[in-house]
Undergrad: 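Would you mind keeping the following structure in view while I ask a few things?
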Amino acid sequence: MDYNKLYLEGFLYSIERILGIEFEYEFDRKKYEKIYNHLDLKPNFQSLFSNEWTYKLTELKNYGHLKPIKGQFQIDKNYIQEYKNQINIYLKESNLNKKLKQIYYFTYYKFFSIFDYMKIFGAISNSFSSLSDKAILLEGDINGIQKFIYNITNVEGFVKRLRGRSFFLSILPEIISKSILDSINYPVFNTIYVGGGKFQLLFNTNFLDKVIEKLNEINKIILEDFSGLIGLTFAYVEITLDDFKNYKQKSKELFQKLEREKFRKFYKILNNISLKIRSNDICPSCRIETKYYNDKFCDWCKKFEELGEKLLKGSFLVFSDNRGIGLKNVGYIDILENLENEPIDEDFYTLNILSEALLEHGFKFINFVQEIKPFNELVEGEGYKKLAYLKIDVNKLGFKFSQIDSFFEVSRLSRFIDLFFSMYLKFIFEKYRDYIYVVYSGGDDLFLVGRWDKVIELAIEINKEFKEWTLNDLSISASINLFDYNYPFKFAAEITSKNLDKVKEEGKEVFILNKFISFDELEDVYNDVKKKAEEYKGKISRSLIHRIYMILKRKYLFFPMFYYQIYRNISDDSVREDFKSKIIINKENMEIKKSSEIFLELLLMKTREVKR
């Protein structure tokens with residue numbers, strides 16, 4: 001049975017039903033009509049976050065139009081006809097795999113807002129042979145990815161290795177899911193979701209034993225190659241066609257199974273492993289792997305550095321059986337500058353390039369490939385020479401998923417959140433490219449490093465953009481932590497992660513300077529700091545600002561000491577009153593502004609002059 005052909009036919013049939021068109025391609029449409037009608041699909045262009053908002057019928061590359069707009073959607077018949085004409089051209093391609101890839105990515109490019117209905121119906125079409133059949137929905141989770149990325153020291157070539165590690169770990173779930181589907185002759189498009197270290201696959205129940213065997217083989221290879229620092233856990237549920245319409249129960253069942261598996265990720269393979277110990281000489285970069293005495297770094301750190309270098313110049317990603325960097329018997333990836341003299345049967349994708357001329361290759365979005373200054377140069381600028389580490393995560397996303405009945409809408413929401421972090425933010429980051437380094441951004445979170453003042457500005461802007469993207473239906477939390485540029489990256493990253501956990505546990509929005517604050521408060525404070533740093537110059541000394549900052553901790557003694565200091569040291573009445581308003585809310589009630597400490601500390605940082 002040709003599962004690629006079944007996927008293509010189901011994919012085409014769903015497009016015909018959704019758009020009300022018919023392609024010049026003969027196949028048994030009645031076969032798919034039964035499944036489509038049973039699922040009672042009613043796709044629309046409405047926003048995932050509000051029924052009053054819709055998405056424009058536009059190409060994915062029109063980034064300014066990706067956000068929802070208020071009002072009803074209007075069908076553009078010319079747009080639909082142009083799409084249909086191009087698909088009919090693709091259908092004349094004789095190579096089935098190439099034809100499927102062209103149609104899949106062109107449809108995604110043209111109809112990004114409803115693409116999941118088409119994509120999943122294609123996967124259903126080759127996983128269910130009848131209305132009463134059952135399939136397997138399997139979820140895999142690579143544990144320890146973030147800790148593995150952080151586990152690197154600031155030695156020579158550190159940034160290149162960090163870039164390579166980040167990219168490889170972000171693409172590893174895709175390498176694994178592709179390897180599994182290849183083993184049962186399914187198209188890669190049966191990957192329902194991949195991102196954030198996770199992947200979901202849909203396939204017929206007949207292949208379950210073979211898939212489990214392959215997963216255990218992959219997990220053994222990961223354990224042996226990475227010494228247990230990362231591991232693969234997986235769980236699965238049997239699913240019927242009716243479960244796609246009422247997905248809550250299956251979602252809960254799959255989540256609970258996967259959570260249990262995380263506590264025993266290697267238990268099925270521990271009886272038959274051999275860890276690769278080359279010598280007792282520890283790699284100075286990762287401080288985990290062993291290396292040969294004459295080598296500078298371990299094999300993996302050398303590969304990550306090479307990959308990090310290639311990413312700066314590369315425009316194409318290739319999935320392969322043996323070239324580039326990867327896992328033996330699982331899969332490899334390589335980065336290429338162009339496709340000249342490359343084998344035509346390889347699986348190529350463009351990286352961050354959306355051009356109709358190149359859509360036949362497919363496309364991938366990555367948000368953390370950039371030329372980066374050394375950290376000691378990154379901190380250069382006015383004020384304090386500090387690096388800020390920023391980590392952001394979406395709040396209560398699991399709860400949002402649990403409120404959605406339709407599996408199609410769950411997939412759509414996952415993709416839209418990933419699009420924000422992996423694609424849309426790239427155009428926000430461009431404005432800050434000289435001041436930040438994005439370690440990773442995708443799935444539902446991001447992690448970056450940069451000059452402290454620019455990172456604060458960026459965090460505020462990301463929050464605003466996310467609110468517009470989700471129509472205030474979802475929110476984010478942020479952890480901003482300041483360190484010297486030569487502070488060990490590993491420890492700074494771990495501290496930033498722990499503080500983000502504190503923010504989420506407390507139900508707050510931002511952690512900065514050991515305090516919790518809302519994004520609105522942070523924006524007000526930081527705008528005040530930028531403005532007052534200039535206004536107070538020559539009128540309020542930094543030593544006075546520092547004294548006020550210190551006496552804030554004196555509680556009941558604060559007010560007499562505060563008034564003594566400002567009347568003694570600030571001669572301009574208007575400046576004195578303005579400064580007072582930044583610290584005190586109400587003189588009569590002796591109430592201090594919650595944000596006053598952050599204001600004073602940021603003001604000290606902004607106005608500091610460092611002698612070279």
Side-chain angles (χ1 to χ4, degrees), residues 1-12 14 27 31-32 35 95-101 103-104 118-142 171-195 198-222 232-241 243-244 250 254 257-258 261 268-269 318-322 326-333 345-347 349 362 407 411:
M1 190 174 291
D2 193 332
Y3 294 100
N4 285 274
K5 184 173 182 292
L6 291 175
Y7 186 99
L8 174 62
E9 291 175 355
F11 189 70
L12 290 172
S14 66
F27 64 96
K31 177 179 177 182
Y32 304 101
I35 297 176
N95 184 299
L96 176 61
N97 292 336
K98 186 177 180 181
K99 175 162 54 184
L100 176 53
K101 190 175 184 182
I103 293 172
Y104 182 93
M118 305 158 176
K119 176 185 81 170
I120 294 174
F121 190 80
I124 288 172
S125 299
N126 66 6
S127 300
F128 290 84
S129 57
S130 67
L131 297 182
S132 59
D133 203 1
K134 292 183 179 180
I136 297 295
L137 181 65
L138 181 142
E139 184 166 329
D141 188 352
I142 303 175
I171 210 77
L172 184 57
E174 205 158 339
I175 295 172
I176 292 172
S177 60
K178 188 175 186 303
S179 177
I180 294 165
L181 291 171
D182 282 348
S183 71
I184 57 174
N185 297 317
Y186 263 66
V188 68
F189 308 120
N190 276 69
T191 305
I192 301 301
Y193 171 76
V194 60
K198 296 183 179 182
F199 59 88
Q200 278 190 350
L201 310 178
L202 185 70
F203 53 88
N204 193 272
T205 53
N206 295 333
F207 297 103
L208 180 59
D209 291 340
K210 192 170 183 178
V211 168
I212 291 175
E213 182 183 347
K214 183 65 176 178
L215 281 162
N216 288 331
E217 177 192 338
I218 292 171
N219 208 13
K220 180 175 179 288
I221 292 167
I222 290 174
L232 172 64
T233 54
F234 63 90
Y236 60 88
V237 291
E238 269 194 349
I239 192 165
T240 66
L241 286 173
D243 291 325
F244 286 98
K250 284 295 174 183
L254 184 58
K257 283 186 172 184
L258 189 61
E261 290 299 320
K268 292 179 181 177
I269 58 171
V318 57
F319 287 87
S320 169
D321 293 330
N322 51 24
L327 300 170
K328 188 177 181 181
N329 298 325
V330 181
Y332 291 76
I333 54 114
D345 58 339
E346 297 256 55
D347 194 10
Y349 295 84
F407 181 73
S411 175

Undergrad: If we ignore hydrogens and angles and just use 3.5 Å, is the side chain of Lys250 paired with the main-chain N or O of Glu238 as donor and acceptor?
TA: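 Looks like yes, one N/O pair under 3.5 Å.
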Undergrad: Is the Phe189 ring parallel, tilted or perpendicular to the Tyr7 ring (thresholds 30°, 60°)?
TA: tilted
Undergrad: Rounded to the nearest 0.5 Å, how far does CD of Glu213 lie from CD1 of Ile218?
TA: 11.0 Å
Undergrad: Side chains of Ile142 and Ile222: does their closest heavy-atom pair fall under 4.5 Å?
TA: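 No; the side chains remain at least 4.5 Å from each other.
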Undergrad: Enter the distance from Lys220:NZ to Leu232:CG here, rounded to the nearest 0.5 Å.
TA: 14.5 Å
Undergrad: Below 3.5 Å, can you tabulate the donor-acceptor pairs from side chains in residues 200-212 to any protein atom, sequence neighbours excluded?
TA:
residue: Gln200; atom: NE2; partner: Glu139; partner atom: OE1; Å: 2.9
residue: Asn204; atom: OD1; partner: Asn206; partner atom: N; Å: 3.0
residue: Asn204; atom: OD1; partner: Asn206; partner atom: ND2; Å: 3.1
residue: Asn204; atom: ND2; partner: Ser127; partner atom: O; Å: 2.8
residue: Asn204; atom: ND2; partner: Asp133; partner atom: OD2; Å: 3.1
residue: Lys210; atom: NZ; partner: Ser183; partner atom: O; Å: 3.1

Undergrad: Give, for atom OG1 of Thr233 and atom CG of Asn219, the distance between the pair rounded to the nearest 0.5 Å.
TA: 8.0 Å
Undergrad: Would a 4.5 Å heavy-atom cut-off, applied to side chains only, mark Ile192 and Phe407 as touching?
TA: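 When only atoms from C-beta onward are counted, Phe407 and Ile192 do touch, with a gap below 4.5 Å.
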Undergrad: To the nearest 0.5 angstrom, please state how far the NZ atom of Lys214 sits from the CG atom of Leu181.
TA: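 Nearest 0.5 Å value for the NZ-CG distance: 11.5 Å.
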Undergrad: According to salt bridge (charged side-chain N to carboxylate O under 4.0 Å, His left out), does anything in residues 177-188 pair up with another residue at least two apart or in another chain? List the pairs.
TA: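 Qualifying pairs, neighbours excluded: Lys178-Asp182, Lys178-Asp347.
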Undergrad: For Ser130 and Leu241, which heavy atoms make the closest approach, and how far apart are they?
TA: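 Heavy atoms of Ser130 and Leu241 come nearest at O-CD1, 4.2 Å.
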Undergrad: Does CG belonging to Asp321 count more than 12 external heavy atoms closer than 6.0 Å?
TA: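 At most 12 heavy atoms, drawn from other residues, nucleotides or ligands, come within 6.0 Å of this atom.
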Undergrad: In Å, rounded to the nearest 0.5 Å, how long is the span from CE of Met1 to CG of Leu6?
TA: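 Answer rounded to 0.5 Å: 6.0 Å.
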Undergrad: Drop me the distance from Phe234's CZ to Lys198's NZ, to the nearest 0.5 angstrom.
TA: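 Result: 15.5 Å between the selected atoms.
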